[in-house]
Amino acid sequence: NLGKNLTNTMKKLAGMAIIDEEVVKEAIKDIQRALIQADVNIKLVLNLSKTIEKRALSEKPPKRVTPKEHVIKIVYEELVHLLGEKAPEVEVESKPFKILFMGLQGSGKTTTIGKLARYLQKKGFNPAVVCTDTWRPAAYEQLRQLTESLSIPLYGDPDNEDALDLAKKGINKFKKQDIIIVDTAGRHKEEQDLLDEMKQISTVVDPDEVMLVIDGTIGQQAREQALAFSQTTDIGSITITKLDGSAKGGGALSAVAEIGAPIKFIGTGERIEDLEAFDPDRFISRLLG
Amino acid sequence: KTISQGDLEDVLFELELSLLEGDVALEVAEKIIKSVENDLVGRKIKRRSDVALHTQDALKKAISEILMVKGPNVMALAQEARKAGEPLKLMFVGINGTGKTTTISKLADYFVSKGFTPVLAASDTFRAGAIEQITHHAENLKIKIIKHQKGADPAAVAYDAVEHARAQKKELVFIDTAGRMQTNTNLMDEMKKIQRVVKPDLVIFVGDALTGNDVVEQATKFNDAVGLDGIILTKADADAKGGAALSIGYVVQKPILFLGVGQGYKDIIEFKPDWMVEQIFG
Ligand SMILES: Nc1nc2c(ncn2[C@@H]2O[C@H](COP(=O)(O)OP(=O)(O)OP(=O)(O)O)[C@@H](O)[C@H]2O)c(=O)[nH]1
Ligand SMILES: Nc1nc2c(ncn2[C@@H]2O[C@H](COP(=O)(O)OP(=O)(O)OP(=O)(O)O)[C@@H](O)[C@H]2O)c(=O)[nH]1
Ligand SMILES: [Mg+2]
Ligand SMILES: [Mg+2]
């Protein structure tokens with residue numbers, strides 16, 4: 001179990017009085033393996049470990065900082081450098097503040113929208129939801145069941161096959177609300193027609209924030225898929241879902257590194273309340289096992 | 001001359017990298033590379049330049065061996081069920097959002113086209129819109145769906161579906177279950193209960209082909225809980241390199257039966273180990 005490996009190497013480092021190159025290299029190898037097992041992009045892991053090793057061997061640890069603390073601090077700094085210090089909140093400036101959701105099939109967009117709507121409602125906002133998913137059977141019904149008990153207004157029309165038209169009508173209907181959250185059908189980078197549709201939806205919605213939803217269990221493809229989404233419109237923020245399972249969510253790290261959007265929330269379950277503000281410290285310690 | 005460990009170092013490193021970048025889980029990639037190394041060290045070669053080619057062949061061989069697992073022939077079993085007058089029961093399990101419901105509708109469509117009459121069991125009684133989603137598919141395919149109200153006992157729905165299939169001489173029952181994290185003990189127990197009550201002939205794990213290292217945990221825990229008879233990997237059309245197939249195959253030694261390659265009813269293909277070799281070696 002990798003967590004144990006890392007602990008053992010860290011113990012070795014802890015036992016050292018001064019930096020021993022061999023032990024440091026061993027520690028870096030274990031960190032590498034931890035990050036790979038956490039699904040961080042391979043190239044990113046190789047680059048990170050080069051940087052970490054260079055810093056660990058060239059930087060003199062400050063007085064009374066043990067080699068172990070020194071290496072851990074460097075690993076930590078490099079990861080925080082990628083992730084950002086603390087995720088900014090959803091900052092509602094102009095009204096209606098429009099949030100456009102996008103992501104791969106089954107990543108958790110619709111469920112997250114229910115959660116986010118509740119989260120914003122608790123903060124005193126007046127959110128509304130628009131369903132533009134014309135592909136998935138019962139997509140509107142799913143959102144209806146999520147928003148109904150919260151008395152959150154929802155617009156959708158299962159008989160309308162035009163996502164753009166739905167977006168236009170929904171934005172228009174809710175122009176008096178504080179916040180409008182727009183749900184879209186899942187899509188991936190090989191579906192060029194759906195990516196084009198997303199470009200058009202984004203033009204119609206003219207979002208104040210674009211939220212990319214990433215499945216916490218995704219592997220090496222996270223980077224490529226995130227790139228494809230970022231080419232349809234600027235991505236403002238990321239939510240990683242399904243972190244209540246055993247996945248570490250390293251794929252999302254690669255997406256952040258690639259498109260530069262901060263992670264704002266994580267999904268930790270299927271219930272409406274299972275949405276947490278992103279905490280880089282907890283994410284990193286989970287990443288390293 | 002014979003191949004030495006030193007000869008292999010660089011080429012094996014590159015190979016491991018391509019496995020990892022292809023979404024093969026780390027522990028599986030390491031084990032595969034180790035077995036390739038053991039296979040090659042000490043082998044006689046004519047020229048040093050032959051090492052790369054020998055290594056590629058050894059890797060292809062290792063991949064094929066992992067994936068060549070004898071699996072159930074669902075069509076043959078369905079035909080036997082028809083003869084015996086006893087429905088073949090398939091239960092579909094996996095974590096949230098992998099494509100279970102969509103995959104069931106694809107398989108149902110396939111068997112309808114072959115003259116069978118499947119029955120669907122809406123045993124996801126929890127998620128918003130779940131019953132409506134599968135009902136919509138049943139209506140499109142013009143097949144019977146057995147469903148209760150939201151929040152009902154999933155095992156009871158599955159049981160009713162089997163009873164209906166028996167009474168009406170329908171050959172196939174597809175049981176759709178809710179997505180669940182293998183770390184959620186209550187939900188894993190719920191799944192075991194469905195299995196106890198209904199005793200499915202086949203338990204099929206539906207995984208997302210884009211999944212990374214976690215697929216090892218998922219497949220292992222689901223296999224430990226209910227025993228898997230086959231695997232279906234979905235969303236292979238997303239340009240998934242599909243290393244998850246190799247990881248699962250290695251770890252639970254169960255056959256990958258099908259690949260989901262899109263969201264339409266026809267978007268399902270038989271899994272062939274050659275596909276995996278093609279993915280890894282481009
Ligand atoms: N355990 C867990 N399940 C989640 C989480 N977020 C979403 N889900 C589940 O994942 C599955 C897919 O969620 P959806 O919200 O339908 O995903 P989607 O992205 O809207 O899917 P498409 O619209 O088909 O692309 C559902 O079973 C959700 O309940 C999470 O944080 N944890
Ligand atoms: N591109 C693509 N999308 C797929 C494939 N299989 C399923 N999907 C999509 O993935 C999303 C989730 O599919 P579902 O069938 O709802 O998944 P599920 O496992 O039943 O989800 P839960 O019941 O919520 O756990 C839907 O948008 C499907 O259309 C596939 O092979 N390719
Ligand atoms: Mg959705
Ligand atoms: Mg389902």
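In what follows, every chain begins at residue 1, and chains take the letters A, B, ... in the order their sequences are listed. Since the model is a prediction, treat every value here as computed from it, not as a measurement. No hydrogens, no waters, no symmetry mates; every other heavy atom, side chains included, goes into these values.
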Asks: Please classify the contact of A:Gln225 with chain B as side chain, backbone, both or neither, using a heavy-atom distance under 4.5 Å.
Replies: side chain
Asks: Are B:Lys34 and B:Glu37 close enough for a salt bridge, meaning some N to O gap below 4.0 Å?
Replies: yes
Asks: Using non-hydrogen atoms only, which part of B:Lys221 is less than 4.5 Å away from chain A: side chain, backbone, both, or neither?
Replies: neither
Asks: If you tally heavy-atom pairs under 4.5 Å against chain B, which of A:Lys248, A:Glu141, A:Gln220 wins?
Replies: A:Gln220
Asks: Would you say A:Lys29 has more than 12 foreign heavy atoms packed within less than 6.0 Å of its NZ?
Replies: no
Asks: Answer with side chain, backbone, both or neither: which region of A:Ile42 has an atom nearer than 4.5 Å to a non-hydrogen atom of chain B?
Replies: side chain
Asks: Chain A: which of B:Gly129, B:Gly99, B:Gly97, B:Ala238 shares the most heavy-atom pairs with it under 4.5 Å?
Replies: B:Ala238
Asks: Which bit of B:Glu21 comes within less than 4.5 Å of chain A, counting heavy atoms only: side chain, backbone, both or neither?
Replies: both
Asks: Any side-chain donor-acceptor pair under 3.5 Å between A:Asp196 and A:Gln192?
Replies: yes
Asks: Between B:Asn213, B:Val215, B:Asp237, which has the largest tally of heavy atom pairs under 4.5 Å with chain A?
Replies: B:Asn213
Asks: If we ignore angles and hydrogens, is there a donor and acceptor under 3.5 Å between the side chains of A:Gln32 and A:Ser49?
Replies: yes
Asks: Need one label for B:Ala25: side chain, backbone, both or neither, based on atoms under 4.5 Å from any heavy atom in chain A.
Replies: neither
Asks: For each of B:Glu30, B:Gln218, B:Arg180, B:Lys150, tally heavy-atom pairs with chain A at distances under 4.5 Å, and name the one with the top tally.
Replies: B:Glu30
Asks: Do side-chain atoms of A:Arg118 reach the backbone of A:Leu275 as a donor and acceptor pair under 3.5 angstrom?
Replies: no
Asks: Please classify the contact of B:Ile95 with chain A as side chain, backbone, both or neither, using a heavy-atom distance under 4.5 Å.
Replies: side chain
Asks: With a 4.5 angstrom heavy-atom cut-off, could you sort out which part of A:Lys189 is near chain B: side chain, backbone, both or neither?
Replies: side chain
Asks: Does any heavy atom of chain B fall under 4.5 Å from the side chain of A:Arg187, the backbone, both, or neither of them?
Replies: neither
Asks: Start with the C-alpha gap between B:Lys235 and B:Asp208, add the side-chain angles, then the distance that decides, and say whether salt bridge (Lys or Arg N to Asp or Glu O under 4.0 Å) holds.
Replies: CA-CA 6 Å; B:Lys235 310 178 200 171; B:Asp208 188 327; 3.0 Å; yes
Asks: Taking atom types as modelled and ignoring hydrogens, do the side chains of B:Asp239 and A:His188 form a donor-acceptor contact shorter than 3.5 angstrom?
Replies: no
Asks: Between A:Ala247, A:Gly245, A:Ala138, A:Pro137, which has the largest tally of heavy atom pairs under 4.5 Å with chain B?
Replies: A:Pro137
Asks: Between the side chains of A:Thr217 and B:Asp214, is a donor N or O closer than 3.5 angstrom to an acceptor N or O?
Replies: no
Asks: Between A:Asp274 and A:Glu270 (side chain of the first, backbone of the second, donor and acceptor by atom type, cut-off under 3.5 Å), is there such a pair?
Replies: yes
Asks: May I ask you to check whether B:Gln182 and A:Ser246 show a side-chain donor-acceptor distance below 3.5 Å?
Replies: yes
Asks: Please flag which part of B:Gln133 lies under 4.5 Å from any non-hydrogen atom of chain A: side chain, backbone, both or neither.
Replies: both
Asks: Quiz question: by atom type and distance under 3.5 Å, do the side chains of B:Glu9 and B:Gln5 form a donor-acceptor pair?
Replies: no
Asks: Using a 4.5 angstrom heavy-atom cutoff, name the option from A:Glu191, A:Arg136, A:Glu224 with the most pairs to chain B.
Replies: A:Arg136
Asks: With a 4.5 Å cut-off on heavy-atom pairs, point out which of B:Asn96, B:Thr101, B:Leu17, B:Asn184 contacts chain A the most.
Replies: B:Asn96
Asks: Can you tell me which portion of A:Leu104 sits under 4.5 Å from chain B's heavy atoms? Options are side chain, backbone, both or neither.
Replies: side chain
Asks: Pick whichever of B:Glu217, B:Arg127, B:Glu27 has the most heavy-atom pairs under 4.5 Å with chain A.
Replies: B:Arg127
